[in-house]
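Notes follow once the structure below has been shown.
By convention in this document, chain letters (A, B, ...) are assigned in the order of the sequence lines, proteins followed by strands, and residues within each chain are numbered from 1.
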Amino acid sequence: MSSDLFPDTGGPKAENDSRRSFMKQAGGLLGFALAPPLAGQPDSLMANSPVLEVVTKMTLRINGQPRTVQAEPRVTLLDALRERLDLTGTKKGCDHGQCGACTVFIDGQRVNSCLTLAVMVQDKEITTIEGLAKGDTLHPMQEAFLKHDGFQCGYCTPGQIMSGVACVKEGHAKTDSQCRKWMSGNLCRCGAYANILAAVREVADKA
Amino acid sequence: MNDFSYAQATTAKDAVNFLTEKPQSAYIAGGTTLLDMMKANLTEPPRLVDITRLPFTGIEQTKDGLRIGAMERMNAVGEHPLVKELFPAVSESLLLAASPQLRNMASIGGNILQRTRCGYFRDAAFPCNKRVPGSGCPALTGDNHNLAILGVSESCIANAYPGDLSVALAAFDAVLTLENTKGKQRQVLVTNFYLLPGNTPQKETVLEPGELIVAVTIPMAAHAKRSTYLKVRERASYAYALASAAVGLDVQSGTIRAAHVALGGRNTLALARSGKSADRCPGYRSYIPGSGRGSSARG
Ligand SMILES: Cc1cc2nc3c(=O)[nH]c(=O)nc-3n(C[C@H](O)[C@H](O)[C@H](O)COP(=O)(O)OP(=O)(O)OC[C@H]3O[C@@H](n4cnc5c(N)ncnc54)[C@H](O)[C@@H]3O)c2cc1C
Ligand code: SF4
């Protein structure tokens with residue numbers, strides 16, 4: 001899985017926008033203040049015992065790079081990405097697996113990160129929206145969303161793009177009707193569906 | 001904050017030990033039912049025992065039929081060539097369910113044990129006999145347009161199994177392999193697995209505490225090979241069934257030799273009706289699984 005269309009390893013993590021950086025810092029501070037106290041931390045999760053009760057160091061392989069987080073076992077992958085790792089491209093919509101805004105890949109397969117516990121995917125390859133572009137070169141699906149105006153407010157867009165990439169890779173975007181069905185796990189409250197469909201179908205036709 | 005721990009099991013024995021060590025703990029597979037319910041404060045297990053690494057995997061032909069490991073995921077099973085060829089209705093029931101993302105996560109065992117979508121059950125602010133036995137059932141006089149019609153009781157009118165897979169499994173007499181906390185295995189027909197609500201809607205299946213679903217085996221049959229799953233719902237994709245049916249026909253030289261039908265969506269559990277015939281006027285056997293009742297009729 002390392003063609004142009006289906007990268008599974010990291011892109012740049014450059015984050016220049018100062019407002020965003022500030023918000024992330026503030027979020028980080030708040031997260032820290034609320035975090036429960038650290039207790040006995042084995043070096044790597046599961047190394048000492050298969051049972052975990054407290055805040056522990058977890059290693060997640062995200063966009064090709066190992067990242068460590070200190071978190072309780074009840075933390076979802078979505079919260080670990082957004083609140084602990086500053087990877088805020090993945091969005092929190094419903095937080096119940098209904099809207100698809102939190103879509104990421106685990107070992108190349110699209111899943112809802114809101115219903116995934118971070119502790120359960122430590123040995124897996126995780127790809128987020130931040131891992132799609134190569135440097136300044138956007139992923140073809142990102143280009144297609146720009147070209148076809150596949151969004152209005154943009155909140156569902158990272159999830160739509162992740163799902164679109166997976167949909168094409170799975171071979172489920174061959175016709176409009178097939179593509180609609182296999183993209184139906186991603187809701188768009190603005191109703192940009194026609195343009196989203198056009199973007200995903202264009203990439204599928206080129207693949 | 002509540003006490004919480006996570007345990008990773010690699011064998012059924014470990015899983016059982018981790019579970020029984022802490023009362024009220026729960027197994028977690030794909031997490032798409034369980035974490036959803038935990039976030040809504042409907043259940044608060046003090047420990048989750050991760051069973052995704054148990055060897056409950058594989059899709060293979062055995063002498064009893066096609067055996068599917070309980071940890072196989074919905075998409076993988078639905079798209080498996082053997083499932084598509086031998087049990088089209090099973091494949092369709094899986095691929096018409098939930099969303100592609102959820103189907104990549106959700107396991108077969110978890111699907112069979114998914115919980116009702118009754119809005120009162122899913123809102124901890126309401127009483128609900130299924131969630132808190134004896135607290136009452138607001139659905140009886142409230143919003144019940146998408147709850148069950150068949151198999152209901154004065155205590156509960158929910159479609160306890162709101163999903164799709166078990167409907168298809170019921171039509172084809174699929175058998176579950178269960179393993180209890182002592183490591184002993186038993187086989188239970190899917191049609192005997194679910195219980196009618198009666199006065200105990202909180203008890204939904206014959207699964208014992210701590211017992212694991214290991215696999216499901218679907219017997220090969222001509223009617224299963226010529227089958228389909230019909231799902232009627234409020235939108236074209238990504239919605240639960242308002243009503244559904246798994247139908248399989250054994251047709252030989254223009255004559256229907258056997259017909260197997262199971263209904264979903266509008267009943268408390270997957271309702272199956274099957275018949276065999278040597279002539280054009282088949283005798284049907286109908287039953288409500290789990291109730292122990294059976295009747296015969298000429299069709
Ligand atoms: C938005 C949404 C839409 C959905 N739409 C549909 C639909 O249209 N049709 C449909 O059929 N389903 C639908 N579902 C339900 C979905 O299919 C189930 O949530 C899923 O199959 C559960 O599997 P899981 O592996 O995630 O289970 P988990 O959440 O991990 O577990 C569910 C329960 O089963 C127990 N369990 C799991 N595996 C085993 C085992 N092997 N042995 C013993 N106990 C076990 C767990 O302890 C838990 O109590 C939908 C779900 C969501 C969130
Ligand atoms: S129908 Fe059943 S699940 Fe729904 S509120 Fe009544 S008792 Fe609870």
Counting neighbours of [atom1] on [X] that are heavy atoms of other residues, nucleotides or ligands and sit closer than 6.0 Å, is the number greater than 12?
X      : atom1 : answer
B:K231 : NZ    : yes
B:E60  : CD    : yes
B:R117 : CZ    : yes

*Tell me, out of B:M38, B:R47, B:R53, who's got the most heavy-atom pairs with chain A below 4.5 Å.*
B:R53
Residue pair [X] / [Y]: nearest heavy atoms and the distance that separates them:
X      : Y      : answer
A:C114 : B:K39  : O-NZ, 2.6 Å
B:Q101 : A:G100 : NE2-CA, 4.2 Å
A:G185 : B:S99  : CA-CB, 3.5 Å

*Taking the side chain as every heavy atom from C-beta outward, state whether A:V51 and B:K22 have any pair of such atoms under 4.5 Å apart.*
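Not touching, per the 4.5 Å side-chain cut-off.
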*For the residue pair A:R180 and B:S237, establish whether any side-chain heavy-atom pair is separated by less than 4.5 Å.*
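Result no, sub-4.5 Å side-chain heavy-atom pair not found.
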*Identify which part of A:T116 has an atom lying under 4.5 Å from any heavy atom of chain B, answering side chain, backbone, both or neither.*
both
*Quick one: what part of A:I106 sits under 4.5 Å from any heavy atom of chain B, side chain, backbone, both or neither?*
neither
With only heavy atoms counted, which part of [X] is less than 4.5 Å from chain A, the side chain, the backbone, both or neither?
X     : value
B:D14 : neither
B:L96 : neither
B:L48 : side chain
B:T10 : neither
B:F4  : both

*Check the pair B:M105 / A:Q109 against side-chain contact (heavy atoms from CB on, under 4.5 Å), numbers first and verdict last.*
CA-CA 9 Å; B:M105 309 164 73; A:Q109 291 204 309; over 6 Å; no
*asked:* Using side-chain contact (heavy atoms from CB on, under 4.5 Å), reason through A:Q98 and B:Y238 one step at a time and then give a plain yes or no.
replied: CA-CA 9 Å; A:Q98 299 177 4; B:Y238 197 17; 4.2 Å; yes
*Spatial distance of atom CD1 (B:I28) from atom CG (A:L115) [nearest 0.5 Å]*: 9.0 Å
*Measuring from A:N112:CG to B:D36:CG, what's the distance to the nearest 0.5 Å?*
10.0 Å
_For A:R110, is there any backbone N or O sitting under 3.5 Å from a side-chain donor or acceptor partner on B:N104?_
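Yes, the answer is positive, given that a donor and an acceptor are paired below the 3.5 Å cut-off.
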*For A:H96 and B:R122, run side-chain contact (heavy atoms from CB on, under 4.5 Å): C-alpha distance rounded to whole Å, both residues' side-chain angles, the deciding distance at 0.1 Å, then the answer.*
CA-CA 12 Å; A:H96 284 275; B:R122 298 228 161 218; over 6 Å; no
